[in-house]
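Below: one structure, written as structure tokens.
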Amino acid sequence: MRFKYLFMFLLLISMLSIYGVVFAQWEDYTGEKPNKELPKEKTGEELKKNETTVSDAEINTAANPKHLPSAQTTAKLQSYDATTIKNLSLNGTPSENSHILLHNHKLYIPITPVVKALGDKIQVKEDHIQITKADHTKYSFHKNGLVIVQEGDKVVSSSKVKSAASLFKDNQPYLSLAAVKEILPYPVTVKGGLINIGDEIKPTSDFPLDVPLLNQMDPPRLYNGCEVTSMAMILNYFDIAVTKNELAEKVNRVPLVYSNGLRGNPNEGFVGDMEDGPGLSIYHGPLAEATRSYVGDRLIDFTGSGPEKLFHYLDQGLPVWVIVTSTFGPVNSFRPWDTPSGEIEITFDLHSVVLTGYDKNNFYINNPYGFKNQKVNKEQFIKGWKQLGSQAIVITM
């Protein structure tokens with residue numbers, strides 16, 4: 001009988017031992033402790049262990065740090081899954097703050113270089129970050145992915161990206177790369193481990209280019225001949241001896257108004273009277289055709305390309321012919337124009353100039369009204385240039 005009780009006692013001990021081992025393995029495997037106290041919330045220090053370290057973004061002094069959210073607001077953000085740090089550069093030069101954040105598989109860049117590229121003032125609000133330029137243009141990056149551009153109180157464009165357009169890391173604002181690409185007037189490229197805002201080639205030290213200046217009003221004048229005068233400047237730059245009036249004789253001409261009431265099309269030739277007026281313009285196509293009689297295949301018509309192409313050719317020491325608005329910025333004077341080949345939109349507020357260089361904020365232009373290497377705001381100029389169809393011609397070496 002004693003032996004029977006002893007056997008049962010030993011069997012009970014063995015079962016308890018086995019249960020203890022299994023229970024311990026369960027804890028090790030799952031990290032859970034069933035039937036025990038509820039788990040405590042992780043501390044901020046424990047949460048940080050799951051993040052990849054990213055250096056703080058340095059905010060431009062004009063960014064007004066007092067508008068940054070409190071630490072309590074930042075603590076409510078989702079944890080980051082950053083695993084990759086990429087480098088950031090401006091015009092091919094490493095940015096003073098070059099750390100990139102990867103959040104939910106989307107790239108975010110520190111706000112400092114964007115402020116430098118877009119404007120000089122930021123304001124952080126509850127659901128979005130707003131950058132304001134000196135001309136009162138506002139760029140708003142919303143947490144729901146909405147990107148809005150305003151001129152004063154008027155919305156001029158809006159778009160939406162698939163991820164949050166802005167977020168915060170360690171009390172510092174970041175902007176979605178996708179959102180930035182939507183609105184920046186400069187090219188944004190990603191190559192390998194480098195994100196670059198602006199042209200990848202550093203500006204040449206020879207800007208502005210020394211392009212000979214011609215004045216369309218010099219006798220014999222071309223009252224409406226800014227397009228051929230600008231192109232003649234570029235031909236002279238390459239030591240091709242041609243006057244503005246000689247080039248004007250080579251271009252096709254169409255009436256300002258036909259006998260049936262239809263209007264001339266600047267895509268077919270100069271519209272109206274170039275010498276004395278009234279007249280409209282000649283667009284890139286027929287002007288390129290006339291200019292090829294001097295340079296052949298050296299002429300490249302890259303109309304419709306992005307502004308990065310302007311910087312690309314200028315960096316090679318090549319002046320660029322363009323058509324832009326007469327204000328060198330956006331205009332609202334476009335109107336329907338019924339031509340024999342169909343209706344188009346035109347404005348009389350247009351002008352043609354030669355791009356001779358650029359710096360951080362400006363283009364340099366030879367203006368055929370008699371101004372050599374005139375400075376004009378780069379961003380506004382690009383807007384006006386785009387309104388006229390991004391017309392551009394270059395002559396290569």
Side-chain angles (χ1 to χ4, degrees), residues 86-95 98 100 107 109 113-119 131 133 137 139 147 149 156-157 159 161 175-209 211 230 234 284 288 298-325 328-330 352-366 375-397:
K86 293 178 180 286
N87 290 319
L88 179 70
S89 67
L90 301 175
N91 293 320
T93 302
S95 169
S98 60
I100 304 301
L107 288 172
I109 65 176
V114 184
V115 171
K116 288 184 175 180
L118 279 180
I131 300 176
K133 291 179 58 61
T137 303
Y139 303 86
V147 183
V149 181
V156 295
S157 70
S159 57
V161 295
L175 299 178
S176 156
L177 180 64
V180 170
K181 292 176 73 173
E182 282 286 326
I183 51 86
L184 267 180
Y186 314 108
V188 180
T189 57
V190 181
K191 289 185 178 180
L194 178 69
I195 295 176
N196 185 70
I197 297 177
D199 197 59
E200 295 184 57
I201 304 174
K202 295 180 181 179
T204 173
S205 58
D206 295 330
F207 284 161
L209 303 174
V211 178
S230 292
I234 296 178
H284 64 103
R298 289 170 57 194
L299 183 146
I300 299 175
D301 184 347
F302 60 98
T303 296
S305 299
E308 66 274 7
K309 279 287 189 179
L310 302 175
F311 305 122
H312 170 75
Y313 286 117
L314 287 170
D315 285 330
Q316 295 182 39
L318 304 176
V320 181
W321 175 94
V322 295
I323 287 183
V324 65
T325 55
F328 306 130
S352 177
V353 300
V354 180
L355 294 179
T356 61
Y358 67 95
D359 57 30
K360 179 180 178 181
N361 299 313
N362 305 290
F363 276 124
Y364 295 93
I365 63 171
N366 266 19
K375 273 188 179 183
V376 294
N377 180 270
K378 185 162 58 177
E379 182 182 350
Q380 292 298 305
F381 188 97
I382 288 173
K383 289 179 180 179
W385 174 66
K386 286 182 175 180
Q387 282 191 311
L388 270 300
S390 303
Q391 299 184 59
I393 296 173
V394 69
I395 295 173
T396 58
M397 299 292 190

- Item | F363-F328 aromatic ring centre distance below 6.0 Å | no

- Task: Could you grab the distance from atom CD1 of I365 to atom CZ of F381, nearest 0.5 Å is fine?
- Result: 6.0 Å

- Hey, could you give me the CG/NE2 distance between L318 and H312, rounded to the nearest 0.5 Å? 8.5 Å

- Message: Could you measure the distance from the CG atom of D359 to the OH atom of Y364? Nearest 0.5 Å is fine.
- Response: 4.0 Å

- For P319 and V354, work out which heavy atoms get closest and say how close. CB-CG1, 3.7 Å

- Task: Search all heavy atoms of S305 against all heavy atoms of F302 and return the closest pair with its distance.
- Result: OG-O, 2.9 Å

- Query: Between K378 and K360, what is the shortest heavy-atom contact and its length?
  - Reply: NZ-O, 3.1 Å

- Query: In Å, rounded to the nearest 0.5 Å, how long is the span from CG of N361 to NZ of K375?
  - Reply: 9.0 Å

- Message: For W385, give me all partners under side-chain hydrogen bond (donor to acceptor under 3.5 Å, both in side chains), at least two apart in sequence or on another chain.
- Response: none

- Query: Where do W321 and S230 come nearest, in terms of heavy atoms and distance?
  - Reply: CD1-CB, 3.7 Å

- Message: I need the T137 OG1 to Q380 CD distance, nearest 0.5 Å.
- Response: 6.0 Å

- How about V376 and Y358: do any of their side-chain heavy atoms sit closer than 4.5 Å? no

- Query: What are the two closest non-hydrogen atoms of D301 and A288, and how far apart are they?
  - Reply: OD2-CB, 4.2 Å

- Message: Just to verify, which of L209, V320, V324 counts as forming a side-chain contact (heavy atoms from CB on, under 4.5 Å) with L355?
- Response: V320

Which donor-acceptor pairs under 3.5 Å do side chains of residues 387-397 form with protein atoms, sequence neighbours excluded?
residue	atom	partner	partner atom	Å
Q387	OE1	V331	N	2.8
Q387	NE2	V331	O	2.9
Q391	OE1	H284	N	2.9
Q391	NE2	L388	O	2.9
T396	OG1	R298	O	3.0

